[in-house]
Every structure is written in C-alpha cells, then in structure tokens.
Amino acid sequence: MDWVKLLLNWYLENKRDLPWRRQKDAYAIWISEIMLQQTRVDTVLAYYTRFLERFPTVRDLAQADIDEVLKYWEGLGYYTRAKNMHKAAGEIVRHHQGVFPQTYREVLALPGIGPYTAGAVMSIAYNQPYPAVDGNVLRVMSRLYLLKKDISQPAVKKEVENLVKQAFPAEQACDFTQALIELGALVCLPTAPKCFGCPIRQDCKAFQENLQNALPSKQKKPARKSVIRYIALIQQGDRILMNKRPADGLLGGLWEFPGVEGKNKKEFCEKFKIKYGVDIFPDSHWMDTKHEFTHLIWEMKIYRCRLDPAETIKETRLQWIPLQELNTIAIPTAFQKIKNTLLNTNSSRGRFLT
DNA sequence: AATGCGGGGCG
DNA sequence: CGCCCAGCATT
C-alpha cells in the first residue's frame, strides 16, 4: 500500500507539537486520550498540563478525592470520563502495582477504556499495531477506500479496523496511528477537505471520483428537546444554598444551583418541596439564561427565593456554600453564568459598602 | 442497534 | 442555527 509510506513521511514533516507527544509515559498518553474523547485539541490543551501537574502519576490520581478530580475536569464535559479514570487509577494501583497495564486485554478491561482508547494507548505508548479507529480515522478511511455505508454502523468500524490492521508498517505503529488521526484533523476535514494538500490523494478513491464531499455518510441525529428549568437562588448572608447532583446521570457529581423542571412558579414550588423537602417562596425574578447540551436544552428561569425561617435543611445533597468557596467546587458550564453574575453582584455591593 | 452523556467552534 | 468532534457504557 503506497499511501502508508507517503502518510508517514507527511506526518513526520507536519505533525503538531502537542504536549502529549513529548513523552511516551502510558499514563500521560492515557490521560490525553480520555480528555480527547469527543473533545477538540484546543479545548484539551487548557486542561491537560494543569491536570498532569496536579496528578503526575497514576498513584496521585488514585489517592485523590473524586471531587477534586472533578474540579480539574470542570467545564470539559462528559464527566463520567473523570469518574471512570479515577476508578481505573484505583484498579491499576490495586491490580497492577501502580504500573499502567501493557496488554490490550488488560487495558481494554479498565473502566472508561473502549476499543479506540485501548488501541490508541497500545500503539502510541507501546508502539504495538493495534488499530485506534476514531471519527478522524473513519472519515479518512471511508474516503480512501470509498466506503459508502453509514459509518455509525458497527460493521463499518470493524471493516476500517481490519484495513488499518493490514496497513500497519513494521515498528512504526506509534507514528502510523497518529498520522491517520492527524491527517483527519488537518487535511481530510469533515467539510471542505484540503485534497490538494493531501499526501495520499493519488490513492484516495473518493478523490478520484470527486466524492470526498459526499463521504463519510452518516445518519443525522434527532432534534433536541427543550425544557424549562426553574432555579432557586437562596442566599443567607454570604452563603448560598447549593445542590450536589447524584453521582450518575447528567452532570453527575457536580454542584448546581438547586432547581426543578416545571411549567410555572406554582409547579416550581411544589416540585421543589418534593425533590428537596423544603418550602421556598420566590421573591423576585432575577435572571434568565439558556444552556444547550448535545441532546437537550435548558431554558433556565432564576428566582431569588426565601426559606421558611424555621426550616432546617435535611436533604444531604443541599449544602450552604460561602460565596468565596463557589470557585473551589466543581460547577458545570450550564451554571457558570449564574455563578459569575452572583459573584459580581456581591463583590460590587461589597466594594460599595466599604 | 439505540440512547444518554458536555461543550465549543465553525460556516 | 445545524453540524461535528482523538467514544464509552448501558440497555
């Protein structure tokens, strides 16, 4: 296959200088691959170095509190990745003496590691010829071999894995895996691929038939649903009432301004009572904000609320948090605008008073 | 095989 | 505004 050598040469000349490419530590490679799942390089850059400085080894990660790990993950999304990584670090300490496992079977068995990440770690950290098929590789290979079937079908991914396996150059698994991905990231783009800068266009069947813009074929996702969420801003002095979301599910384990889905203020109060066990009295409408997830849209209506003075907080997920400590707990992006507005309001008032 | 799970950047 | 991205776990 002529294209393999051409691709390798192109990669060695054009690869980006990325922090996870500066060493071969399997632990550090693993962290990068988890962060990069469904996440762009530019986004990860801001997190990667900071995370490794705080958790330089698998033991440091295993010993850390999950809440601190989540704080370092704050804003990165898909928070089960952090939870699974923390769990996997514990397994590596207990079952592998703190040394990152070196066989595909053992790597794949770790929580949060699927076929892609296992292949990436095996090939990039250990230079072993295990295919790592992500969205980039699916796109590159579907064009190169003119695979017209929907790439979301598992059978297509299997076929691409086999094609990559056949193509692996001897002793260059590390570079080859990254070369395929790098080509997808820099040249073989989803829309408007830069075919005339592509080192393997002569071997690309899609390019030959001018079908590069029609591939890969992919089914489109259903429309998102929008829901109204009422948020209670409950402040007493310099403390604000926050809720820690359940460990599993959406934004699991992160902190939020307590709220419920609902149609109106009446439902707001009723559902709040059921969910949190306290009566609230919405005083003033404070602000509105919207947050769009991949699969869901929250239209948030935030009200300043009073509690019954005699009310005590029994729900253990609810906790009074001093305003100064709001920046020390993990709060997802959905609530950052509320948090910042709150902190600005209070700090400007404070300055005015002093 | 289908669904839930974040967030940001782009045209 | 829709689409896409260095996917995995669960059902």
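Not measured: the values here are computed from a predicted model. Proteins come first, then strands; the chains are lettered A, B, ... in the order of their sequence lines, and each starts at number 1.
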Per-nucleotide protein contact string for nucleotides 4-11 of chain C, where B marks a base within reach and S marks sugar-phosphate only (heavy atoms under 4.0 Å, - for neither): BBBBSS--
Side-chain donor-acceptor pair present, A/Thr328, A/Glu325, cut-off under 3.5 Å: no
Residue pairs fulfilling salt bridge (Lys or Arg N to Asp or Glu O under 4.0 Å) with at least one residue in residues 271-281 of chain A, sequence neighbours excluded: A/Glu267-A/Lys271, A/Lys273-A/Asp279
Qualifying ring pair (Phe, Tyr, Trp, His ring centres under 6.0 Å) pairs, either residue in residues 307-335 of chain A, two or more places apart: A/Trp298-A/Phe335
Contacts of type side-chain hydrogen bond (donor to acceptor under 3.5 Å, both in side chains), residue A/Glu182, not counting sequence neighbours: A/Arg16, A/Arg21
Sugar-phosphate only, base, or nothing, as touched by A/Leu76 at under 4.0 Å among non-hydrogen atoms: base
Contact list for residues 115-138 of chain A, test ring pair (Phe, Tyr, Trp, His ring centres under 6.0 Å), sequence neighbours left out: A/Tyr104-A/Tyr130
Any residue meeting salt bridge (charged side-chain N to carboxylate O under 4.0 Å, His left out) with A/Lys83, in chain and number order, not counting sequence neighbours: A/Asp248
Whole-angstrom distance between B/dG6 and C/dT10, as gauged at atom P: 14 Å
Of A/His295 and A/Arg224, the one whose closest DNA chain B nucleotide lies more 5': A/His295
First-last contacting nucleotides on DNA chain B - partner chain A, under 4.0 angstrom, heavy atom: B/dA1 to B/dG8
Euclidean distance for P, C/dA6 against B/dG4 (whole angstrom): 23 Å
Residue pairs involving residues 64-74 of chain A (criterion salt bridge (Lys or Arg N to Asp or Glu O under 4.0 Å); sequence neighbours excluded): A/Arg54-A/Glu68, A/Asp67-A/Lys244, A/Lys71-A/Glu74
5' precedence on DNA chain B between A/Gly75 and A/Ala155 (nearest-nucleotide basis): A/Ala155
Identify each donor-acceptor pair in which a side-chain atom of residues 254-262 of chain A lies under 3.5 Å from a protein atom, sequence neighbours left out, and give them as a table.
residue	atom	partner	partner atom	Å
A/Glu256	OE1	A/Arg229	NH2	3.4
A/Glu256	OE1	A/Arg245	NH1	2.8
A/Glu256	OE2	A/Asn243	ND2	2.8

Sugar-phosphate, base or nothing in reach of A/Gly252, heavy atoms under 4.0 Å: nothing
